[in-house]
Amino acid sequence: MNETISTILRRRSVRVYRPDPVGQIELAEMLEAGRYAPSAMNQQPWHFTAIRNPDLLRKLEENCKSAFLESNVEALREAAKQEEFRVFYHAPLLVIISGDPGALAAQYDCTLAMENMMLAAASLGIGSCWTHAVMMFHSTEKGKAVFRELGVLFPEGHQPYAAAVFGSPAEPYAEAPPKNADCVTIID
Ligand SMILES: Cc1cc2nc3c(=O)[nH]c(=O)nc-3n(C[C@H](O)[C@H](O)[C@H](O)COP(=O)(O)O)c2cc1C
């Protein structure tokens with residue numbers, strides 16, 4: 001198995017982080033990997049917002065948790081009811097990829113860019129986890145207002161399509177959760 005495929009298989013959603021920041025060089029490489037993702041008609045309708053300020057992360061996290069508390073998905077509500085539950089898992093870096101909704105396929109483009117970032121991170125020994133609460137919270141009027149108040153501003157008209165936290169895993173990578181192999185049809 002080559003190195004790329006072994007990195008893809010090794011990547012896990014990491015939910016326990018050490019507080020040490022992600023280095024500048026590693027962040028730049030991850031962002032570059034994101035920017036090289038494919039996009040519909042090469043529109044690259046994205047913008048990458050990387051938040052490393054611990055105080056801002058904490059404030060945003062507390063607010064985003066309310067999206068889970070108000071979710072109609074019971075499992076999310078139950079998780080968020082736990083006092084110690086943190087939607088960012090104490091990670092030192094949050095990246096939000098916003099896009100222009102008027103682009104041909106902004107959501108796909110931004111999601112592909114985030115997967116590139118997550119795989120680049122895994123190749124550098126940096127863990128990651130998609131953070132859906134960010135999109136859920138921002139989709140509400142209150143959420144948009146809180147983002148504005150906290151100074152997390154996206155380019156005019158953009159909306160966040162992908163968000164993930166990154167950092168050094170505090171524990172060895174967990175074994176892969178069950179992956180269904182019964183989902184392939186090959187037509188020769
Ligand atoms: C669209 C999407 C939303 C997700 N939202 C969250 C989330 O809000 N919190 C979280 O801890 N994990 C989230 N995940 C991570 C999944 O739970 C995880 O990918 C899945 O359980 C498989 O585990 P693995 O990534 O380690 O292979 C999300 C993943 C995707 C693709």
Side-chain angles (χ1 to χ4, degrees), residues 1 4-19 22 30 33-34 37-39 46 48-51 57-99 101 105-140 142-143 146-147 152 159-184:
M1 187 185 295
T4 305
I5 296 174
S6 110
T7 300
I8 290 170
L9 300 195
R10 199 174 63 241
R11 182 212 56 80
R12 292 272 72 74
S13 292
V14 171
R15 298 188 176 91
V16 196
Y17 290 94
R18 293 212 308 260
V22 172
M30 286 156 47
S39 63
W46 45 51
F48 299 75
T49 302
I51 304 173
L57 280 174
R58 194 181 45 77
K59 286 183 185 148
L60 204 53
E61 178 169 58
E62 278 165 13
N63 279 286
C64 285
K65 191 174 176 179
S66 67
F68 273 14
L69 278 170
E70 285 155 30
S71 162
N72 50 16
V73 179
E74 193 187 348
L76 295 181
R77 281 199 312 275
E78 287 309 311
K81 274 185 200 159
Q82 311 301 314
E83 171 59 28
E84 70 282 6
F85 178 77
R86 296 285 177 273
V87 285
F88 298 166
Y89 305 111
H90 301 285
L93 169 67
L94 169 71
V95 175
I96 303 172
I97 307 182
S98 60
Q107 184 165 8
Y108 299 128
D109 299 339
C110 294
T111 305
L112 285 164
M114 186 58 89
E115 175 69 348
N116 267 18
M117 288 197 70
M118 290 169 137
L119 292 175
S123 79
L124 295 165
I126 296 167
S128 65
C129 190
W130 185 283
T131 311
H132 213 58
V134 169
M135 275 72 67
M136 289 168 67
F137 185 55
H138 190 272
S139 70
T140 65
K142 182 186 164 208
V146 168
F147 271 76
V152 181
Q159 76 177 64
Y161 286 113
V165 290
F166 295 87
S168 299
E171 294 171 354
Y173 273 26
E175 218 175 282
K179 299 288 183 185
N180 179 16
D182 182 24
C183 55
V184 179

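On a predicted model such as this, the values are computed, not experimentally measured, just so you know. Ligands are counted one by one from 1 in listed order, and the atoms in each one are counted from 1 as well. What you see below is based on every heavy atom in this structure, not just the backbone, and it leaves out hydrogens, waters and symmetry mates.
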| message | Checking the side chain of S39 only, and the main-chain atoms of A37 only, is there a donor and an acceptor separated by less than 3.5 Å? | response | no
| What pair of heavy atoms forms the shortest contact from V134 to A163, and how long is it? | CB-CB, 3.6 Å
| Any Lys/Arg nitrogen of E61 or K65 sitting under 4.0 Å from an Asp/Glu carboxylate oxygen of the other? | no
| Considering only the protein, which heavy-atom contact is closest to atom 23 (O) of ligand 1, and what is its distance? | P177 CG, 3.4 Å
| remark: Per-atom filter on ligand 1: closer than 4.0 angstrom to a heavy atom of F68 are 8 (O)
| query | In the protein, which heavy atom is nearest to atom 8 (O) of ligand 1, and how far is it? | reply | H132 N, 3.0 Å
| Between the main-chain N or O of A170 and the side-chain N or O of R18, is there a donor-acceptor pair closer than 3.5 Å? | no
| query | Protein heavy atom under 4.0 angstrom of atom 2 (C) of ligand 1, is there one? | reply | yes
| query | Taking the minimum heavy-atom distance to atom 6 (C) of ligand 1, which of F88, Y89, W130 ranks first? | reply | W130
| Distance from atom 22 (C) of ligand 1 to nearest protein heavy atom, with residue and atom | K179 NZ, 3.6 Å
| Rounded distance (nearest 0.5 Å) linking atom CE of M118 with atom OG1 of T111 | 10.0 Å
| field | Shortest protein heavy-atom distance from atom 20 (C) of ligand 1, along with the residue and atom involved | value | S13 OG, 4.5 Å
| Taking atom 16 (C) of ligand 1 as the reference point, the nearest protein heavy atom with its distance | R15 NH2, 3.7 Å
| said: Evaluate R12 for polar contact with ligand 1, using N/O atom pairs at a separation under 3.5 Å. | reply: yes
| field | P169 to G127 - nearest heavy-atom pair and separation | value | CD-N, 3.8 Å
| query | Roughly how far, to the nearest 0.5 Å, is the NZ atom of K59 from the CG atom of L57? | reply | 11.0 Å
| Under 4.0 Å from any heavy atom of C129, which atoms of ligand 1 are there? | 10 (C), 11 (O), 12 (N)
